[in-house]
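Here's the structure we're looking at; comments come further down.
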There are 2 protein chains.
Amino acid sequence: MPETSRQIADDIRARIYSGELAPGDRLPGEPTLVKQYGVAKMTANQALKLLVGEGLAVARPGSGTYVREFRPIRRVANDRLDKSRWSGGKSIWSADVEQRPLVTDVEVYEAEAPRQVARLLGLDAGAPVIVRRRRFVVEERPVQLATSFLPADLVRSSAVAQRDTGPGGTYARLAELGAEPVDFVEELRARMPSDDERQDLRLATGVPVVEICRTAFTAGRRPVEVTQMLLDAGSYVLEYRLSGSGATSAEMPAS
Amino acid sequence: MPETSRQIADDIRARIYSGELAPGDRLPGEPTLVKQYGVAKMTANQALKLLVGEGLAVARPGSGTYVREFRPIRRVANDRLDKSRWSGGKSIWSADVEQRPLVTDVEVYEAEAPRQVARLLGLDAGAPVIVRRRRFVVEERPVQLATSFLPADLVRSSAVAQRDTGPGGTYARLAELGAEPVDFVEELRARMPSDDERQDLRLATGVPVVEICRTAFTAGRRPVEVTQMLLDAGSYVLEYRLSGSGATSAEMPAS
DNA sequence: CAGTGGTCTAGACCACGTA
DNA sequence: ACGTGGTCTAGACCACTGT
């Protein structure tokens, strides 16, 4: 009865999971489904939309609907910490290890700190900050948008306020200013993108984004940078390494 | 022309962002939209579906469509490390701090290790493992599914193989066996759930999930536990704290 | 029982990609 | 030029919620 589009989607989904339809393959099109299942075109359309909505398929208007490919980039949050101790790690999701995103469209300007950012930086609302926006691209495809905020009074006169931050980047400049970041907090959540975001990242419909807010602290616990990132969830696997040096006790790890 | 459902969604979205429609409020229903915009009922339906698909609204058949509420749980991955140094941290997303999920439906059994898990644990394919499955619930709603795998030869005789692992939990038992986990790697990705997963977590349509795979290592770099978690993305904010003790250099942080 | 969202049909027009 | 997905209409039936 009124369950048809789901069932069609189920059938196709099974064929994807079984491997009969491999990543990149073309799915049966709407006209085919109309004939095969004896349904209206719109029902076939909705069946395909379900799969697209699950992120299993991508629709290319004028061409067809295809099994989605998942070739994520691995983002290791601890990249700048000692790598030796973690060498030889195995991972659950394979990833094109050497697909490093390229930074493009760098934009730097001074502005008033948004409320939330001011709070994180310990500034008064509306205090001046240097804003650095940039876009990360892999194989022509945008995969991440990032916006950093730094206290203008701290970095205005340094290369942090320039498009090219020089050798070592922002953190090297901060170190020269006696404000080297050594501790970081990252907060993240996943959600569906807004229409704007979907366009900015050129996302297929049905792909979630990961929103990350990172705050960088000096050894003296002073927050010196807040970065907000928006990642195409279909393009990333995130990795975090936690060292429990003084791990004494023992709550549930997974709460 | 054929842009109507998007425009209706745009209108309503704007009203949500402006605050005119607050979380929990009822959206205009299909019949209302049909009259207001002079469209077919199905078009009104699709407009609402767009908002649901973005995670902005939740449809309750028979009742109405409502602005979604986002009251996330905060999961701090480093919870068992020294908290002192991170005290007084501010955060970007407010969260019901003291909403600790309850563990229910614990299930423990011995089985052959799945391929991927065996790899991570450094075991032969098909080697015996103790499997611990559990479900986390907040206010009657399931928010997380977790499955842990431990080498059976290591923990079979301990309370890890029992439903109740005793005081201090699994990690305390591992410590007693001379295999205390001190280092952890978490890999995560966000994606849309399968139909099964959507039912298990009782997810509204259009809500992504976060999949986490954590591997726990002893001081000797021996992997002793692999945990796979599936979180309702709408219910969680994840927090990671990174200490860059010996942070010498300075690549782009955000790659 | 009236109102709601969920789904289906049968036919139509459009913009786009591919050949 | 043809086939593809994308969308709209007008009317229908269903299962569910709430009064």
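Letters go in sequence order (proteins before strands), and every chain restarts at 1.
Taking every heavy atom of both residues into account, R135(A) and P142(A) meet most closely at NH1-CB, 4.0 Å. Taking all atoms of both residues into account, the shortest heavy-atom contact from P193(A) to E197(A) is CA-OE1, 3.4 Å.
Between E112(B) and V117(B), every side-chain heavy-atom pair lies at or beyond the 4.5 Å cut-off.
Ion pairing between D232(B) and R202(B) fails under the 4.0 Å rule for side-chain N and carboxylate O. Between E107(A) and R132(A) no salt bridge is recorded (no basic side-chain N to carboxylate O distance below 4.0 Å). Between R13(A) and E54(A) there is a salt bridge, since at least one side-chain N of the basic residue sits less than 4.0 Å from a carboxylate O of the acidic one.
E239(A) meets the salt bridge (Lys or Arg N to Asp or Glu O under 4.0 Å) test with R74(A), R241(A); sequence neighbours excluded. The ring-ring contact (aromatic ring centres under 6.0 Å, His included) test applied to F149(B) returns no partner, not counting sequence neighbours.
Look at T65(A) and you'll find a side-chain N or O under 4.0 angstrom from OP1 or OP2 of dG5(D).
Looking at the side chain of T4(A), the nearest of the listed nucleotides dT9(C), dC8(C), dT7(D) is dC8(C). The side chain of T43(B) sits closest to dC8(D) out of dC8(D), dT9(C), dG5(D). Closest contact between the side chain of K41(A) and the listed nucleotides dG5(D), dG5(C), dT9(D) involves dG5(D). Side-chain proximity of M42(B) to the nucleotides dC8(C), dG6(D), dG6(C) is greatest for dC8(C). The nucleotide whose nearest atom lies closest to any side-chain atom of A40(B) is, among dG5(D), dA10(D), dG11(C), dA10(D).
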Could you walk me through whether D200(B) and L145(B) satisfy the side-chain contact (heavy atoms from CB on, under 4.5 Å) test, starting with their C-alpha distance in whole Å, then the side-chain angles of each, then the deciding distance to 0.1 Å, before giving a yes or no? CA-CA 8 Å; D200(B) 276 356; L145(B) 309 175; 3.8 Å; yes
Carefully, step by step, assess R6(B) and D11(B) under the rule side-chain contact (heavy atoms from CB on, under 4.5 Å). CA-CA 9 Å; R6(B) 290 197 127 78; D11(B) 287 356; over 6 Å; no
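Counting to the nearest Å, the C1' atom of dC8(D) and the OH atom of Y37(B) are 16 Å from each other. Between N45(B) atom CG and dA15(D) atom P the separation is 17 Å, expressed in whole Å. The nearest whole Å value for the distance from the CD atom in Q7(B) to the C1' atom in dT7(D) is 13 Å. Whole-Å rounding puts the E30(A) CD to dC14(C) P distance at 18 Å. Atom P of nucleotide dA10(D) and atom CG of L33(B) are separated by 16 Å, given to the nearest angstrom.
Against DNA chain D, the stretch residues 46-55 of chain A makes heavy-atom approaches under 4.0 Å through K49(A). Shown for residues 20-29 of chain A: no residue has heavy atoms falling under 4.0 angstrom of DNA chain C.
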Without placing hydrogens or testing angles, list every side-chain donor-acceptor pair under 3.5 Å for residues 22-34 of chain A, not counting sequence neighbours.
from: D25(A); atom 1: OD2; to: A22(A); atom 2: N; distance (Å): 2.9
from: R26(A); atom 1: NH1; to: S63(A); atom 2: O; distance (Å): 3.2
from: E30(A); atom 1: OE1; to: K41(A); atom 2: NZ; distance (Å): 3.0
from: E30(A); atom 1: OE2; to: N45(A); atom 2: ND2; distance (Å): 3.4

Under 3.5 Å, which N/O atoms of the protein pair with N/O atoms of nucleotides 16-19 of chain D?
from: dT17(D); atom 1: O4'; to: G62(B); atom 2: O; distance (Å): 3.1

